[in-house]
Amino acid sequence: MLDIRRIRNNPQEIKDAMLSRSADFDITLIDKVIELDERRREILSEVEVLKNKRNTTSQEIPKLKKEGKNVEPIMEEMRVLGDKIKDFDAELTKVEEELEATILRIPNVPSKNVPKGQSDADNLEVRKWGEPTKFDFEAKAHWDIGTNLDILDFEMAGKVTGARFTFYKGLGARLERACINFMLDLHTSKHGYTEVLPPQIVNRRSMTGTGQLPKFAEDMFKLEGLEYWLIPTAEVPVTNMYRDDILDASQLPIKNTAFTACFRAEAGSAGRDTRGLIRQHQFNKVELVKFADPEKSYEELESLTNDAEMVLKTLGLPYRVVKLCTGDIGFSSAMTYDLEVWMPSYGRYVEISSCSNFEDFQARRANLKFRRGPKEKAEYLHTLNGSGVAVGRTVAAILENYQQADGSVIIPEALRPYMGGIERITK
RNA sequence: GGAGAGAUGGCUGAGUGGUCUAAGGCACUUGACUCGAAAUCAAGCGUAGGGGUAACUCUACCGUGGGUUCAAAUCCCACUCUCUCCGCCA
């Protein structure tokens with residue numbers, strides 16, 4: 001959520017920022033916010049005078065009574081005043097609700113350092129690690145490799161659940177688990193994150209806090225009859241851990257890592273990436289979440305991105321880092337780096353991690369503050385997160401990049417301790 | 001699922017209709033005392049919003065949402081969460 005005063009004071013700056021995200025952005029939303037804000041303050045100044053009158057008069061009444069005066073006319077006057085206040089308050093509530101609903105649908109302002117652009121074609125490659133894997137045989141896609149080795153079963157999942165779900169079997173399941181453990185161990189022992197295992201179902205306030213609600217309700221799974229949602233990412237529960245809290249500056253940065261399943265309805269992506277592990281309704285992910293001092297949040301974004309990259313480096317998977325342009329960054333983000341792994345079946349790099357600085361956008365929504373010192377005013381902190389990394393896509397990348405001519409797959413060395421020393425998956 | 005108890009400022013804890021404008025304590029900040037510290041004493045010390053150049057001032061907030069009343073932390077209704085016990089259960 002943007003600071004209402006920022007919108008009030010620099011409407012044009014905000015409008016330009018929104019248009020840089022999308023030329024189609026409805027900038028009347030900004031005007032609406034400004035109007036509602038003005039109306040709100042108008043009502044406020046009127047009703048507060050009346051409330052002051054009521055308060056002072058109500059305090060007079062017992063004194064006058066004690067003096068034996070007839071207070072009935074005053075009480076009658078107060079009854080009328082009370083009704084008036086009630087009307088104003090009702091109007092105020094209406095305006096405030098509309099203001100809130102509107103402002104919650106306005107995305108974050110991209111950071112100054114974000115390249116201008118309209119789509120992923122305008123993203124900026126910032127670095128590259130490794131070279132696209134070359135094969136001296138005809139390389140297969142991971143869905144074929146996995147099916148042939150009988151470690152992935154898409155049909156079975158289709159029967160049991162439906163499209164976009166997968167059964168992992170045998171060493172496939174073991175490989176997924178090995179990746180999870182490897183990533184968690186790396187981030188906790190080498191990068192200083194604290195492991196958390198959060199709830200995978202959250203309430204409305206949590207979903208609003210990180211920005212999934214109210215705008216993206218159709219992308220998520222909601223439990224029938226309850227105000228509960230399956231999490232689309234561990235970002236949601238982990239960022240909301242300290243909602244409504246005031247942390248001490250000495251605690252920052254807080255660095256948490258969490259493994260969870262993630263659930264996405266993927267509304268609007270029918271027909272895209274229909275095969276394999278790339279786009280599923282349920283997938284596993286190890287997430288990195290940071291709570292940072294605003295002055296250091298961009299340094300923290302760099303190190304968080306490096307932490308995620310270390311996963312791919314250690315697994316020997318070729319990747320590149322891309323800085324997303326204004327047209328491609330997510331709703332809540334001020335700046336995002338995507339990590340893209342080389343996926344032979346796609347013949348291109350595919351997103352495997354998204355590392356973002358949200359600045360104070362989520363902190364405002366979730367009321368997440370910190371205090372620099374005992375006498376200091378509480379300030380909104382900055383939140384960041386990134387995948388460290390998506391597990392299903394990692395498995396897909398391993399299967400494809402480490403496949404052999406005979407259909408077997410070599411296990412990356414770093415994972416072997418987690419695989420009981422197994423070096424290769426064969427038929 | 002059933003029964004009971006509870007939710008008040010950073011923490012603790014008093015408060016059952018009108019100086020609650022939320023006591024007291026702890027913690028914290030500043031000052032005094034001290035070479036310094038502890039102890040002691042004094043003052044300060046919540047959040048959000050409105051108005052004002054400012055000093056300041058007004059409004060709201062005692063789990064949440066309604067209601068009663070001239071007036072609600074206090075009375076009424078609903079809900080949420082926490083704790084205890086019972087039942088069921090991995």
Could you please spell out the steps behind the salt bridge (Lys or Arg N to Asp or Glu O under 4.0 Å) verdict for A/Asp150 and A/Lys169?
CA-CA 7 Å; A/Asp150 199 27; A/Lys169 300 189 291 192; 3.0 Å; yes
Of all the choices, [options], which nucleotide is nearest to the side chain of [X] once you look at every atom?
X        : options             : result
A/Arg5   : B/U59, B/G49, B/U68 : B/G49
A/Asn52  : B/C81, B/C70, B/U59 : B/U59
A/Tyr228 : B/C81, B/G49, B/U59 : B/C81
A/Pro62  : B/G18, B/A60, B/G49 : B/G18

When the aromatic ring centroids of A/Phe221 and A/His281 are compared, is their separation below 6.0 Å?
yes
Test of ring centre spacing under 6.0 Å for A/Phe361 and A/Phe331:
yes
Which range-with-range stems can be found for RNA chain B when each stem has 3 or more Watson-Crick or G-U pairs in a row and both distances sit under 3.5 Å?
B:1-7 with B:80-86, B:10-12 with B:24-26, B:28-32 with B:40-44, B:46-51 with B:56-61, B:63-67 with B:75-79
Report the distance from atom [atom1] of [X] to atom [atom2] of [N], rounded to the nearest whole Å.
X        : N     : atom1 : atom2 : result
A/Glu38  : B/G51 : CD    : C1'   : 16 Å
A/Lys377 : B/G44 : NZ    : C1'   : 17 Å
A/Lys369 : B/G10 : NZ    : C1'   : 14 Å
A/Ile85  : B/C58 : CD1   : C1'   : 13 Å
A/Leu81  : B/U69 : CG    : C1'   : 14 Å
A/Arg243 : B/U47 : CZ    : P     : 20 Å
A/Asn367 : B/G49 : CG    : P     : 10 Å
A/Arg79  : B/C70 : CZ    : C1'   : 7 Å

Going by distance alone, is a donor N or O of one side chain under 3.5 Å from an acceptor N or O of the other, for [X] and [Y]?
X        : Y        : value
A/Tyr319 : A/Glu340 : no
A/Ser345 : A/Glu400 : yes
A/Glu359 : A/Asn108 : no
A/Lys323 : A/Thr336 : no
A/Glu287 : A/Thr260 : no

Determine the interatomic distance between [atom1] on [N] and the same-named atom on [M]; round to the nearest Å.
N     : M     : atom1 : result
B/G13 : B/G6  : C1'   : 14 Å
B/A72 : B/U21 : P     : 10 Å
B/U47 : B/A22 : P     : 14 Å
B/C33 : B/C45 : P     : 23 Å
B/C20 : B/A71 : C1'   : 13 Å
B/A27 : B/G9  : C1'   : 13 Å
B/G25 : B/G15 : C1'   : 15 Å
B/A37 : B/A32 : P     : 11 Å

Can a side chain N or O of [X] be found less than 4.0 Å away from OP1 or OP2 on [N]?
X        : N     : result
A/Lys69  : B/C70 : no
A/Asn203 : B/U80 : no
A/Arg205 : B/U80 : no
A/Asn55  : B/A71 : no
A/Arg371 : B/U47 : yes

Of A/Lys53 and A/Ile61, whose nearest nucleotide on RNA chain B comes first from the 5' end?
A/Lys53
On RNA chain B, more 5' by nearest nucleotide between A/Ser45 and A/Glu76 is A/Ser45
Just checking [X]: base, sugar-phosphate only, or nothing, at a heavy-atom cut-off of under 4.0 Å?
X       : answer
A/Met78 : sugar-phosphate
A/Arg39 : nothing
A/Lys63 : nothing

On a plain distance test, is the side chain of A/Glu48 in donor-acceptor contact with the base of B/G51 below 3.5 Å?
no
Do A/Lys32 and A/Glu98 meet the salt-bridge criterion of a basic N to acidic O distance under 4.0 Å?
yes
Between A/Glu42 and A/Arg39, does at least one N-O distance fall below 4.0 Å, as a salt bridge requires?
yes
